[in-house]
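What follows is a set of notes on a single structure, which appears directly below.
Numbers restart at 1 for each chain; the letters A, B, ... are given by sequence-line order, proteins then strands. As a basis for the values below, the full set of heavy atoms in this structure was taken, side chains included, without hydrogen atoms, waters or symmetry mates.
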Protein chains: 2
Amino acid sequence: MAVTIKDVALKAKVSTATVSLVINGNNRISPETKRKVLKVIKELDYHPSKSARDLVSQKTGNIGFLLTDDHFLRTEPFYTRIFLGSEFEAGNTNYYILLATVPSTYNNNNSLPRFILERSIDGLIVAGKVPEELLSKLSEYKLPLTFVDYKPERQKYPVVLIDNIHGGLLATNHLIEYGHKKIAFIGGDISHPSIRDRLTGYTRALDNAGINFNKNIIHTISPYPDRQNGYDAAKSIFTKNKNITAVFACNDAMAIGVMHYLKDNGYSIPDDVSIIGFDDVEADLLLDPPLSTIRVPKFDLGAEAFKIMKESIQNKETKSKIVLVPVELIIRKSTRKI
Amino acid sequence: MAVTIKDVALKAKVSTATVSLVINGNNRISPETKRKVLKVIKELDYHPSKSARDLVSQKTGNIGFLLTDDHFLRTEPFYTRIFLGSEFEAGNTNYYILLATVPSTYNNNNSLPRFILERSIDGLIVAGKVPEELLSKLSEYKLPLTFVDYKPERQKYPVVLIDNIHGGLLATNHLIEYGHKKIAFIGGDISHPSIRDRLTGYTRALDNAGINFNKNIIHTISPYPDRQNGYDAAKSIFTKNKNITAVFACNDAMAIGVMHYLKDNGYSIPDDVSIIGFDDVEADLLLDPPLSTIRVPKFDLGAEAFKIMKESIQNKETKSKIVLVPVELIIRKSTRKI
DNA sequence: TTTACCCGTTTAATCGTTTAACTAATTATC
DNA sequence: GATAATTAGTTAAACGATTAAACGGGTAAA
């Protein structure tokens, strides 16, 4: 059996209360007693039991991390990186992260994750979009929440988001600085907030540079921003417009599709067309040429969400602030000056 | 304040013991009382507190996952995938995974992870190589251990490993079946068990096919199996041997280096040289040509380790069995028949 | 000298469960 | 019909900490 506070108290000839007070740095204890107790603690290699502490303090030292199963399992490790960022940040603290997934089809018949029902978390990080039903059930608990990469409708909690507008601005500015004027935008579903924001950055950059906005070279009707849709979008844009010199794709997957289309049709990258993506997925470096892009620090998103969660637990306040995590322009070989 | 067992007992007009017995499926309780209690539980939406249960049962329902900090943070997400595999498998059970990293320079002055000292795990999964000092400190606790992708010296615990020998066999057989006889092996430090095993698979396959083992086309002196070393190894082998038709690289990183060397020197892949790697990293698909390889199911490694951990907690036995997780041959475009 | 206060420590309740030991009522056994 | 065995439930201790309240001795103020 492990060493308990009683063993320490006995050996130090004090009460368990005294030991507890020493451990918790209470200054009511005389230096002498404190020294004596600490000595015994060291001798016995005593460490307080977390279970016992949890019960009496009505805290758990755990923070939940919630996402939908499809986000957890999808091939491109976006949300799992965020999760690892939270894990990393938690490693520097006294908290542990507990992970749970909910079905993306979550409805009122589904039950909440076990860690909520059993009260084994002090706060919850929600990553990515989750069903509305889940949110309303969640709000019945007085649990501190923090959202990351998703801003719920009626937002009353802290939210950590990618600075998509700035990213769109950076990418487009980069192309403009390289002398490009005919810059196509290739995006997915425009109703998705992050894609909308990236487009906003794009138009803002054009505006700032006094370049005319040409809606013929803007593609925002793909249902999902994947490689195939990037390929198709490039086809539809490039067959109708002959003098495009640069493309800003709303993410790397689409950018890769665009690259494939261009290669298949005799364009050379970046000699004929410059191209920049968004995300900075691992594969970018292996492409030919390596893809310039906007780096999204997924790890940082998770770390930031954790920090905010920790704060809002400790401050007992639920401010609804929005934190934008900065992105970074990564220049590789797929863009060139003209 | 949350609903407790007392609230249920009060409302159901029974003792808390009865409620507890009902929850835990004890058959001493009459169907009638059971129904009554369950009804109240549902009405009050009662869920037992994990903290309280943990304390009294002297279990925690948590399993620790331990690895060194450099393994956690390294770019190629090998161990984090294993971790996610364990997380995934845990999601199907009543366990949570707690993550902790230790410095790769761990020595006796470092303390053990908090979750061990505070007794907040029921078992520990150790992923990858960890310092010997850590292991000996660990063994002072009566904690069930399971190792994954690492077999400690004096192994007394279950170990989950990649079936490297079979992988080497599969890769080499594939090349042999495609008609190759002059097959180079490009590996890193041979003292590393997994590289040694892959080489063993290679030699065994040659043996089975009655092909002579030619040590001039075997490269096992690179300190670390990365891309640059792959490039250099290819240079050293190909400048001295002219009639190599295929390469088995001990991992994909080296294989990519080999591909670069071959391209830089006018070889065409797979027309002049077939090449196969090992690991199946995401980038393989984006290479030109896409790389044939041996798929290592990292996720499965973690899941398997978790399953074994769970079993050995429940069976209270510490068998020292070795589980080999099967690998899979993935044929893409970098290998061809001659 | 009495009263009040401070200081350092202890006492004892508490957190929310589980479970061994007990009890009372019913049923079975001889 | 007396006793034993079974059944269904309760009582109370325990898990290992924290912490409000109580305590007693010493000192300072009245």
How many Å lie between NZ on Lys50(A) and P on dA17(D), as a whole number?
13 Å
Please tell me which of Val56(B) and Ile29(B) maps to the more 5' nucleotide of DNA chain D, matching each residue to the nucleotide holding its nearest heavy atom.
Ile29(B)
Just to be sure I understand the rule, does Asp54(B) reach a base, reach only the sugar-phosphate, or reach nothing, if contact means heavy atoms closer than 4.0 Å?
nothing
Taking only N and O in the side chain of Ser20(A), is any of them less than 4.0 Å away from OP1 or OP2 of dT18(D)?
yes
I want to confirm an ordering. Mapping Arg119(B) and Ser30(B) to their closest nucleotides on DNA chain D, which one lands closer to the 5' end?
Ser30(B)
Evaluate the side chain to side chain contact (heavy atoms under 4.5 Å, CB included) criterion for residues Val159(B) and Thr146(B): first the C-alpha distance (whole Å), next the side-chain angles of each, then the deciding distance (0.1 Å), finally the verdict.
CA-CA 6 Å; Val159(B) 178; Thr146(B) 297; over 6 Å; no
Distance check needed: dT17(C) C1' versus His47(B) NE2, whole Å only.
16 Å
Can you tell me which nucleotide in dG16(D), dA12(C), dT18(C) comes closest to the side chain of Leu55(A)?
dG16(D)
Round to the nearest Å and state the distance from Lys59(A) atom NZ to dC15(C) atom P.
16 Å
Using whole Å, report how far CG of Asn27(A) lies from P of dC7(C).
10 Å
Return no unless some side-chain N or O of Ser15(A) is found under 4.0 Å from OP1 or OP2 of dT10(C).
yes
So does Thr18(A) get a side-chain nitrogen or oxygen closer than 4.0 Å to the phosphate oxygens (OP1/OP2) of dT9(C)?
no
Hey, is the side chain of Arg28(B) pairing donor to acceptor with the base of dG9(D) inside 3.5 Å?
yes
Separation between CG of Leu55(B) and NZ of Lys50(A), rounded to the nearest 0.5 Å:
12.0 Å
Asp7(B) atom CG is separated from dC15(C) atom C1', nearest whole Å, by 13 Å
Which nucleotide wins on minimum distance to the side chain of Thr33(B), given the candidates dC15(D), dG9(D), dG16(C)?
dG9(D)
Answer whether the closest heavy-atom distance between the side chains of Tyr46(A) and Pro48(A) falls below 4.5 Å.
yes
In this structure, are over 12 heavy atoms from other groups packed under 6.0 Å from His47(A) atom NE2?
yes
To the nearest Å, give me how far apart CD1 (Ile5(B)) and C1' (dG9(D)) are.
14 Å
Pick base, sugar-phosphate or nothing for Val19(A), based on heavy-atom distances below 4.0 Å to the nucleic acid.
nothing
Answer yes or no: does a side-chain N or O of Gln58(B) lie under 4.0 Å from OP1 or OP2 of dT18(C)?
no
Report the distance from atom NZ of Lys6(B) to atom P of dT17(C), rounded to the nearest whole Å.
10 Å
When the nearest nucleotide of DNA chain C is assigned to Lys34(A) and to Ser57(A) on a heavy-atom basis, which residue is associated with the more 5' position?
Lys34(A)
Between Glu32(B) (CD) and dT7(D) (P), how many Å, whole number?
17 Å
Using the ring of each side chain (for Trp, its six-membered ring), is Phe299(A) parallel, tilted or perpendicular to Phe88(A), with breaks at 30° and 60°?
tilted
Please determine if a side-chain N or O atom of Arg53(A) lies less than 4.0 Å away from the OP1 or OP2 oxygen of dT14(C).
no
Less than 4.5 Å apart, side chain to side chain, heavy atoms only: is that true for Val148(B) and Val126(B)?
no
